[in-house]
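Numbers restart at 1 for each chain; the letters A, B, ... are given by sequence-line order, proteins then strands. FYI, side chains are in, hydrogens and waters are out, and symmetry mates aren't considered; it's all heavy atoms of this structure.
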Amino acid sequence: MLVYARFTSRLKSASLKIRDRSMRLSKYFLPVLKETPADATIASHRYMLRAGMIKQNSAGIYTWLPLGHRVLKKIEQIVREEQDKAGAIEMLMPTIQSADLWKETGRYDAYGPEMLRITDRHDREMLYGPTNEDMITDVFRSFVRSYKDLPKNLYHIQWKFRDETRPRFGVMRGREFMMKDAYSFDLTEEDAVKSYNKMFTAYLNTFARLGIKAVPMKADTGPIGGELSHEFVILAESGESEVFCHRDLVEMAPPGDVDFDGDLSHIFEERTALYAATEEMHDAEEFAKIPADKQLTARGIEVGHIFYFGDKYSKPMKATVMDSDGKPQPVMMGSYGIGVSRLVGGIIEACHDENGIVWPKSVAPFGVGIINLKANDEDCAAAASDFYEKCKAAGLDPLYDDSSDRGGVKFSRMDLIGLPYQIIIGPRGLKEGIVEVKDRATGERQNLSPDAAMTLLTEAFA
RNA sequence: CGGGGCGUAGCGCAGCCUGGUAGCGCAUCUGUUUUGGGAACAGAGGGUCGCAAGUUCGAAUCUUGCCGCCCCGACCA
């Protein structure tokens, strides 16, 4: 009993501390590949395999190895924080759903072979959820009765499965993928548009925090249905579809701190006043009206998609609330998706060079990589270890390469995994009391005292 | 789902056309010398050649069927 009490009290105190995310390479699991796997053709897939982030299990299905998992979780957390800021409420729905709800909306037949259908031991029809409109509508109708409880926006971050005919490009078009999907509920279309604008705004901030430029574009609604829809698209050569937009949209600053309870229509209008459309929605005549030097035709990666679809699901599923006149009204809905696992690949497509990945600071698996050039030299080991402990204490999430590999191996491995900063500690510099700081993105190197290097790092991550 | 390609050691590949019982590079293990941009030498281990059937004295190699994976297109977070 005493032992148990002591154990639980230790757990309690541990949970109060911020999780220690630092790591010594000798203790980590980082299976990097020297040679490029034959199956990978695009940069993000190649680098994810080479950097030991993922392992393929079958077509479009991947294991997330420790390094990849770190990035996935970082992206997930940023997405979560921005959803919360916008007033969305997190929950969690299951991956396996009953076919019954899908029959209510008619989607069980409409969805087609892309939906993975399963029968359980009692021969009940089940499915691995490709999306959750039907299920969330059921949750809503089970509990909400009054217009006074609106608006509401519920979201979860959960694995989805879509049995694509042709999964490809690693996690960019996997069959199993992690998605953040939010669902808004309003009494009127006018209110629903406000909810739509909240998510529209939150998405602009989310992608900016992730270190990428995602442009909202007028989009086709597809099988989800509805009238108002935008895709958020990263421009990259390896993009799957062609997109067209006004060049100014690409560099537009994110809204930043806004009052999500206030009027956000100006943000929506500012971003949609200029032309931007995906291939399916492209209007060549409208596009031609843009000044020639502002016309941008590019390849795009869809990382987010938002829809307004009114009562498409609430009507067949009888998800109604009483309005102020005491009359039942079908609730007006929208859904808002972000491809969390796809973003890992998408960010790499936007952020890499010939040596490997160049992570934006916000999503980097570790903040700083420490290279001890001479592991068997006592002074070097002591200096590197000391620097590691200081980074750890400063919350910089350091990865300390304490392996006995040769310098060249360490350099190329660190470049490959793409941490924003490298601290290179070797006998040569140490004699003069300096360490080398390398900025992965620019390649710029500075010789600094360990203290000055720490200052540079803490300021960079402030 | 239409078209194309590929499955041989952990990874990248050769061998297959013209059947004779498997090889190269990297990686791994041991040792020595090295150590600021993927070291050198010496030695060692590791493969029912995707699976199954057939042809044959004999199959990685020829035939048929199946499975898996990749690429191009049509569809999608």
Nearest-nucleotide pick for [X], side chain only, options being [options]:
X	options	answer
A:Arg406	B:rA39, B:rG38, B:rC76	B:rA39
A:Arg445	B:rC69, B:rC1, B:rG37	B:rG37
A:Arg168	B:rA74, B:rG36, B:rA39	B:rA74
A:Asp415	B:rA39, B:rG37, B:rG36	B:rG37
A:Ala38	B:rG36, B:rC70, B:rC13	B:rC13
A:Ala59	B:rG36, B:rC70, B:rC76	B:rC70
A:Glu35	B:rG37, B:rC11, B:rA74	B:rC11
A:Phe411	B:rG38, B:rC70, B:rG36	B:rG36
A:Glu114	B:rC75, B:rC69, B:rG12	B:rC75
A:Ser412	B:rU35, B:rG36, B:rG38	B:rG38

Could you tell me how far [M] sits from [N] if I compare only their [atom1] atoms? Round to whole Å.
N	M	atom1	value
B:rC24	B:rG47	P	15 Å
B:rA40	B:rU34	P	16 Å
B:rG25	B:rU18	C1'	27 Å
B:rC1	B:rA9	P	30 Å
B:rU61	B:rU55	P	15 Å
B:rA59	B:rC49	C1'	11 Å
B:rA22	B:rG65	P	30 Å
B:rG23	B:rG45	P	13 Å

Look at all strands and tell whether [X] reaches a base, only sugar-phosphate, or nothing, counting heavy atoms closer than 4.0 Å.
X	result
A:Ser404	nothing
A:Gly429	base
A:Gly337	nothing
A:Arg175	nothing
A:Ser341	nothing
A:Leu373	base
A:Phe161	nothing
A:Asp405	nothing
A:Gly346	nothing
A:Lys438	base
A:Ile338	nothing

Establish, with yes or no, whether the OP1 or OP2 oxygen of B:rC1 is under 4.0 angstrom from a side-chain nitrogen or oxygen of A:Thr165. no
Does the side chain of A:Gln56 get closer than 4.0 angstrom to OP1 or OP2 of B:rC70 through an N or O atom?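 Yes, within the criterion.
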Centroid separation under 6.0 Å, is that true for the rings of [Y] and [X]?
X	Y	value
A:Phe177	A:Trp159	no
A:Phe207	A:Phe232	yes
A:His282	A:Phe244	yes
A:Tyr196	A:Tyr308	no

Against A:Gln77, only a single residue in A:Lys73, A:Lys74, A:Arg80 fulfils side-chain hydrogen bond (donor to acceptor under 3.5 Å, both in side chains); can you say which? A:Arg80
Considering heavy-atom distances to RNA chain B, does A:Leu430 or A:Gly304 have its closest nucleotide positioned more toward the 5' end? A:Leu430
Can you say whether a donor on the side chain of A:Arg46 sits under 3.5 Å from an acceptor on the base of B:rG12, or the other way round? no
Under the criterion ring pair (Phe, Tyr, Trp, His ring centres under 6.0 Å), which of A:Tyr203, A:Phe268, A:Phe307 is the partner of A:His230? A:Phe268
Could you check which nucleotide pairs with B:rC6 in any of the strands shown, counting Watson-Crick or G-U wobble with both distances under 3.5 Å?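 Result: B:rG68.
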If we ignore hydrogens and angles and just use 3.5 Å, is the side chain of A:Glu349 paired with the main-chain N or O of A:Leu235 as donor and acceptor?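 Judged by distance alone, no pair lies under 3.5 Å.
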Nucleotide B:rC76, atom P - distance to CG of A:Asp181 in whole Å: 18 Å
Starting from P on B:rC26, measure out to CZ on A:Arg50 and report it in whole angstrom.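 Distance, rounded to whole Å: 17 Å.
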Using only heavy-atom distances, determine whether the side chains of A:Tyr388 and A:Arg24 contain a donor-acceptor pair under 3.5 Å. no
